[in-house]
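One-based numbering along the sequence shown.
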Amino acid sequence: MKKILKNKFDFLILALVVLSFFIYSFSSFFVWLPNWHDFGHLIFNWPDANANYFFVNLFAKNNSLSFFEPLNLLTDNLLHTRSINVWQGNLVPMTFLLPLIIFGIFAKVFGSLAVLFLTPLLASISLYFFYQIIAKVFASENLAFVATVLLAFFAPWLFFANVVMLTNVFFIFCLLAFLYFFLVQQTKYSFVLSFLFFALALFSRPNELIWLFIFLLFIYFYQKEKITLKKISIFFAINLFFLVLVLVLNKLVYGGVFNFGYLNLQNKALSGELGNSHFSLFSFIKLLFLPFAWQTKVFLSSIYHYLFLLIWPYYILIFFALFSLRKKLFQKKEIWSKYLIFSLTISLLLLIYYANWDFADALVKNYNTISISYVRYFLPIYLLLLPFVAQGILFLSRVKKWKNFLTIFLVLLLTIFSLRLAFFAPNDGLLKNKENIDLYYQQFAKVKQIIPADAVIITERSDKIFFPEFKVVVPQGDLPLWPRIASLMEEREVFYFSDLSEQRILELNFQAKLFGLELVEMSKIDQNFKLFIVIKTKE
């Protein structure tokens, strides 16, 4: 009977994996593929995704993560998007390199459009790993199945599985694969594959080093009997190989083994919201522990809004789970006691690291909910919560007569809540994202009809719409804009695409005229955006 039940669960999990792949591919099927067919150009809602897709394709075609832009030599490295860095005139990634290479290899083998389905594929396979890990750890297929169904339709997971060119899902897939091949698989050399996936996770996001180290300590403490000196040696050898590989890649792409994409490569300072202090051992340690410093108000606000309020119904079930486990949680040898300590420790470390991040972009803070970066960086915490949620459901469904009905009903309620959040969040759900990207394509098409193919476009936030079809400039305040644009005018026609107010355009024109330039309105693209041409003023 137990074997039949296990086979039934395996069949259901397989069906769930297949179904989830198509749900996670919603944006690929209904946004990017149709627009690629019409325009031959992919527009993403994130500048990070735009940059990642550019470099993945660059690696697939040229085995390189560096693209030489000669106009940067004329303009002091002016031409790049918000999520692309510049080194000696070359466009280089503003992220860690290893995931781009892995995605690039996939694109090289299966094609550039196939990479749109890699993240949905990894997210759906992760469900199988998750199920097997939970079943092994808690010795309960019922608990594992309920937790996995919850994960399959869990709003943050479903949403970011659809954001195909970010690497957060890839990172979690690698961690789950590490646990699966270490805890579940019992073959002779499965631990080697396990260590390989851990190294991929670590060197895909080395800024996660601190909590991953604590994570490893827990694994060692709870699995001492499985860990031998031989395995430890192999673990360090694999990680040493990837460390050397990453340092060599850094040297090739960024000009130094300890340089990386989040540096301002012009002055070796940490860039953006990480601060602008001169890069040093201290700044590297700061990046590992508190890259955004300690900000109590921001810390508490982000936890309240994006850890609790965003998924509040799940905490009702967690309350019942803790009530049902109230005795076991205080028994040291009980798995639930160990898991509680483990999950609280890992969650606290992640919160200390990410919850202090105060976004500089006011539009992100005011309008984004499911898509805000807190949510994708809190993904490991959400996954740690799901076994408790599943336990709460099973506890409330313990009445034999109504057991299956109550379990299905509670799971269905949470699924409806999550699907509504993922697809219908008013400002940034998947349907709103589709609407926004369709609008971007309309803007792209109108602008493309007006300007020459080799034109340069200045824009505050629409770089993701036009790059790499057009060369772009994003005014960022790090260096003066207009004197560098003046040096570009002999080489290319320059346009300004903006939704700025008339007053702000007048101010820009005043600044431009100081360097012999002027903004002249060419066309109204839609009710918000206008296209200007930059011309030289008459002397």
(request) Check Leu158 against Tyr24 and note the closest heavy-atom contact, atom names and distance. (result) CA-CE2, 3.9 Å
(request) Answer yes or no: does atom OH of Tyr304 have more than 12 heavy-atom neighbours from other residues, nucleotides or ligands under 6.0 Å? (result) no
(request) Would you confirm whether Asp463, through its side chain, and Arg82, through its main-chain N or O, come within 3.5 Å as a donor-acceptor pair? (result) yes
(request) Look at the side chain of Asp428 and the backbone N and O of Asn368, then say whether any donor-acceptor pair between them is shorter than 3.5 Å. (result) no
(message) Please find the pair of heavy atoms, one from Tyr496 and one from Pro475, that lie closest to each other, and give the distance.
(response) OH-CG, 3.9 Å
(request) Search all heavy atoms of Ala425 against all heavy atoms of Ile370 and return the closest pair with its distance. (result) CB-CG2, 4.0 Å
(request) Look up atom CG in Asn35 and atom CG in Asp438, then write down how far apart they are to the nearest 0.5 Å. (result) 5.5 Å
(message) Please determine whether salt bridge (charged side-chain N to carboxylate O under 4.0 Å, His left out) holds for the pair Arg376 and Asp48, giving the CA-CA distance in whole Å, both sets of side-chain angles, and the decisive distance to 0.1 Å.
(response) CA-CA 13 Å; Arg376 61 184 169 120; Asp48 291 2; 3.6 Å; yes
(message) Side chains of Trp357 and Tyr377, heavy atoms from C-beta outward: is any pair under 4.5 Å?
(response) yes
(message) So which atom in Trp87 and which in Val253 form the shortest heavy-atom distance, rounded to 0.1 Å?
(response) CD1-O, 3.7 Å
(message) So, taking the atom named OG in Ser20 and the one named OH in Tyr128, what distance separates them when rounded to the nearest 0.5 Å?
(response) 15.0 Å
(request) Say whether, by atom type as modelled, one donor and one acceptor occur between the side chain of Ser462 and the main chain of Thr459 under 3.5 angstrom. (result) no
Show me the donor-acceptor pairs, under 3.5 Å and distance only, between side chains in residues 91-118 and residues at least two apart or in other chains.
from: Lys108; atom 1: NZ; to: Ala60; atom 2: O; distance (Å): 2.9
from: Lys108; atom 1: NZ; to: Asn63; atom 2: OD1; distance (Å): 2.7

(request) Check Thr148 against Leu127 and note the closest heavy-atom contact, atom names and distance. (result) CG2-O, 3.5 Å
(request) For residues Val473 and Leu481, determine if any side-chain heavy atom of one lies less than 4.5 Å from a side-chain heavy atom of the other. (result) yes
(message) Between Phe470 and Phe495, is the ring centroid distance below 6.0 Å?
(response) no
(request) If the plane angle is over 60° it's perpendicular, under 30° parallel, otherwise tilted; pick one for Phe178 and Phe182. (result) parallel
(request) Applying ring pair (Phe, Tyr, Trp, His ring centres under 6.0 Å) between Phe54 and each of Phe44, Phe59, Phe467, report the one that passes. (result) Phe467
(request) Look at the rings of Phe218 and Phe342 and say which category their plane angle falls in: under 30° parallel, 30 to 60° tilted, over 60° perpendicular. (result) perpendicular
(request) List in chain and number order the residues that pass ring pair (Phe, Tyr, Trp, His ring centres under 6.0 Å) with Phe444, two or more places apart in sequence or in another chain; answer none if no residue qualifies. (result) His41
(message) I'd like to know whether Phe171 forms a side chain to side chain contact (heavy atoms under 4.5 Å, CB included) with Leu200, so could you lay out the CA-CA distance, the side-chain angles of the two residues, the decisive distance to 0.1 Å, and finally the verdict.
(response) CA-CA 8 Å; Phe171 171 74; Leu200 287 174; over 6 Å; no
(request) Check each of Phe130, Tyr314, Phe160 against Phe154 using the ring pair (Phe, Tyr, Trp, His ring centres under 6.0 Å) test, and report the only one that passes. (result) Tyr314
(message) Please check: side-chain N/O of Tyr382 versus main-chain N/O of Ile311, any donor-acceptor pairing under 3.5 Å?
(response) no
(request) Take Leu202 and Phe242 through the test side chain to side chain contact (heavy atoms under 4.5 Å, CB included) and record every step on the way to the result. (result) CA-CA 9 Å; Leu202 173 61; Phe242 276 95; over 6 Å; no
(message) I'd like to know whether OH of Tyr220 has more than 12 heavy-atom contacts from other residues, nucleotides or ligands below 6.0 angstrom.
(response) no
(message) For a side chain to side chain contact (heavy atoms under 4.5 Å, CB included) check, start with the C-alpha distance between Ile457 and Ile451, then their side-chain angles and the critical distance, and finish with the verdict.
(response) CA-CA 9 Å; Ile457 301 176; Ile451 69 176; 3.6 Å; yes
(request) Considering non-hydrogen atoms only, spot the tightest contact between Ser347 and Leu384 and give its length. (result) OG-CD1, 3.9 Å
(message) Please verify the inter-ring angle class for Phe497 with Phe529; under 30° counts as parallel, over 60° as perpendicular, anything in between as tilted.
(response) parallel
(message) Quick check on Phe39: does its CZ atom have over 12 non-hydrogen neighbours (other residues, nucleotides or ligands) under 6.0 Å away?
(response) yes
(message) I want to check something: taking the side chain as every heavy atom from C-beta on, are Lys464 and Thr81 in contact at a cut-off of under 4.5 Å?
(response) no
(request) To the nearest 0.5 Å, tell me how far Asn162 CG sits from Asn433 CG. (result) 9.0 Å
(request) Report yes if the side chains of Ile458 and Ile485 come closer than 4.5 Å at any heavy-atom pair, otherwise no. (result) yes
(request) Examine the side chains of Ser498 and Glu460 and answer whether a donor and an acceptor come within less than 3.5 Å of each other. (result) yes
(message) Do Pro156 and Leu379 make a side-chain contact, defined as non-hydrogen atoms from C-beta onward lying under 4.5 Å apart?
(response) yes
(message) Working note: Phe215 + Thr345, criterion side chain to side chain contact (heavy atoms under 4.5 Å, CB included); need CA distance, chi angles, decisive distance, verdict.
(response) CA-CA 9 Å; Phe215 172 81; Thr345 303; over 6 Å; no
(request) For the pair Tyr441 (side chain) and Ile43 (backbone), establish whether a donor and an acceptor sit closer than 3.5 Å, ignoring hydrogens and angles. (result) yes
(message) With a 3.5 Å distance limit and no angle check, can you tell me whether Ser194 reaches the backbone of Phe181 through a side-chain donor-acceptor pair?
(response) no
(message) Looking at Leu74, is its backbone amide N or carbonyl O close enough to the side chain of Ser487 to form a donor-acceptor pair, meaning the two atoms are under 3.5 Å apart?
(response) yes
(message) Is there a side-chain hydrogen bond (donor to acceptor under 3.5 Å, both in side chains) between Tyr354 and Glu208? Walk through the geometry before answering.
(response) CA-CA 10 Å; Tyr354 287 114; Glu208 314 277 2; 2.6 Å; yes
(message) A side-chain contact here means heavy atoms from C-beta on lying under 4.5 Å apart; do Phe67 and Asn90 qualify?
(response) no
(request) Indicate yes or no for a side-chain donor-acceptor contact from His305 to the backbone of Ser301 under 3.5 Å, with no hydrogens or angles considered. (result) yes
(request) Tell me whether the centres of the aromatic rings in Phe159 and Phe423 are closer together than 6.0 Å. (result) no
(message) Would you compute the distance between atom OG of Ser124 and atom CG of Leu16 and round it to the nearest 0.5 angstrom?
(response) 9.5 Å
(message) With a 4.5 Å cut-off on side-chain heavy atoms, are Val456 and Leu488 touching?
(response) yes
(request) Enter the distance from Asn207:CG to Leu212:CG here, rounded to the nearest 0.5 Å. (result) 9.0 Å
(message) Tell me which one of Glu491, Glu69, Glu493 satisfies salt bridge (Lys or Arg N to Asp or Glu O under 4.0 Å) with Lys471.
(response) Glu69
(message) Taking side chain to side chain donor-acceptor pair (under 3.5 Å) as the definition, give me every residue that meets it alongside Lys448, ordered by chain and number, with sequence neighbours left out.
(response) Glu469
(request) Determine whether Phe378 and Tyr306 make a side-chain contact, defined as any pair of heavy atoms from C-beta on separated by less than 4.5 Å. (result) yes
(message) Whether the Gln442 and Asp526 side chains hold a donor-acceptor pair (N or O, under 3.5 Å, no angle test) is what I'd like checked.
(response) no
(request) Would you give the length of the straight line joining atom CZ of Phe195 to atom OG of Ser190, rounded to the nearest 0.5 angstrom? (result) 9.0 Å
(request) Indicate yes or no for a side-chain donor-acceptor contact from Lys434 to the backbone of Val31 under 3.5 Å, with no hydrogens or angles considered. (result) no
(request) Mark yes or no for whether Asp76, through its side chain, and Asn72, through its backbone, hold a donor-acceptor pair below 3.5 Å. (result) no
